[in-house]
Amino acid sequence: MSLKPDIKVMRMIKALDSSTRMQIVSLIVNASPVSFTGIQEHLEAVTGKTISKGTLAYHLDILVQGNILMRELSRNPDRTYSTYETTEEAKKTLTALGILIEKEKKEPTIHSLN
Amino acid sequence: MEDEKRYDLIDGNALKKIYDELRSRLNNIVPLVVICGPGKCDPEEDCTTCEPKKKMDCMYHQRNALKTTLNDNGCIATTFEEDLELEYASLQEQIILREPEVDIVFIFPDSRGSAAELLQFTRDPVIRPKVRVLVPHQYHPLYTESESYLTSVYQELMATHGHVYPYDSRNELHRTPEFIALMMMGAYRLYQLAHPPENA
């Protein structure tokens, strides 16, 4: 698969540019869809630190706006529940990026040697 | 003579390559924008059913329209999400806005509380350079006779911070928030291209 380095890809890369968001995507790629609370519990288990709901919502919204995750909201009279899963476009792009990185390791280009 | 030789090197193809390279680098700059403003325009109503006329005057809708526009134009724009019914303490917002990854913060102040929060942000030396305040033109100190608390806050900010911009959601007397923000982000990208951050 070819990967055109266009603005959509650059937006995805920007959205991934955080260790917290990387950990979120790693979880969701392997286990989507995941609830807000599920993500919070996972992050706290991995990092050993508490993460506030507000901070988590900030990171999740950046991933949603970067078209890496999609959010499903379900409401009932008491509260709103949200679940997250990876978008198809993100799966394709992340796969292509992975392939490119592997290829780069095997066959370094002149550009990467500079 | 030397100059002539140098100019010879810049033929049409070379210029095109330079242009393409700069254009590509410009497109690679993705500013991260946080938009602060009111939550639902009416807590008792579902805002998705608001009439178009009401949306024109509603900062909640202005904020969401701006978010969509910026995300459609190469930025990553986020808001403090009310869909999840989270209560954001302003201290928590302040911690997020201090993050180095946040490039620009647009604020639509709509109440005394949010004006106080705005002052708090602009007194924070890390957040201050990022803040751009968007004010409906009829409340902007340059275009109103009002002596309200909000107007006095805007006046103070104009004197001490500077970035207080009047907008007109109808695009009649002034530009819309989308126009102002896109113009700023275009200039911001060019500035970043010319002055890349040291850790980039």
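Letters go in sequence order (proteins before strands), and every chain restarts at 1.
Side-chain contact between A/Thr55 and B/Ile95 is absent, with no heavy atoms from C-beta onward closer than 4.5 Å. Looking only at side-chain heavy atoms (C-beta outward), A/Arg11 and B/Asn71 come within less than 4.5 Å of each other.
There is a path of hydrophobic side-chain contacts, each under 4.5 Å, that joins A/Ile13 to A/Ile7. In this structure, B/Met183 is not a member of the same hydrophobic cluster as B/Leu70, with clusters built from ILVMFWY side-chain heavy atoms closer than 4.5 Å.
Contact annotation for A/Asp17: only backbone heavy atoms (N, CA, C, O) come within less than 4.5 Å of a heavy atom of chain B.
Within a 6.0 Å radius of CZ in B/Arg128, other residues, nucleotides and ligands contribute more than 12 heavy atoms. Counting non-hydrogen atoms of other residues, nucleotides and ligands closer than 6.0 Å to CD of B/Glu101 gives a total above 12. Within a 6.0 Å radius of CD in B/Glu147, no more than 12 heavy atoms belonging to other residues, nucleotides or ligands are found. In this structure, B/Tyr191 places its OH atom where only 12 or fewer heavy-atom neighbours from other residues, nucleotides or ligands lie under 6.0 Å away. Counting heavy atoms of neighbouring residues, nucleotides and ligands inside a 6.0 Å radius, atom OH of B/Tyr165 exceeds 12 of them.
Separating the CG atom in B/Asn28 from the CE atom in A/Met10 is a distance of 4.0 Å, to the nearest 0.5 Å. With rounding to the nearest 0.5 Å, the separation of CD in B/Glu93 from OH in A/Tyr58 is 12.0 Å. Here the NZ atom belonging to B/Lys67 is positioned 4.0 Å from the CD atom belonging to A/Gln65, to the nearest 0.5 angstrom. The distance from atom NE2 of A/His59 to atom CD1 of B/Ile96, rounded to the nearest 0.5 Å, is 7.0 Å. One distance of note links CG of A/Asp61 with CD1 of B/Ile76; it measures 9.5 Å at 0.5 Å rounding.
Side chains of B/Gln92 and A/Ser52: a donor-acceptor N/O pair is present below 3.5 angstrom, by distance only.
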- Task: Check step by step if side-chain contact (heavy atoms from CB on, under 4.5 Å) holds for B/Leu32 and A/Ile62.
- Result: CA-CA 9 Å; B/Leu32 201 155; A/Ile62 287 178; 3.7 Å; yes

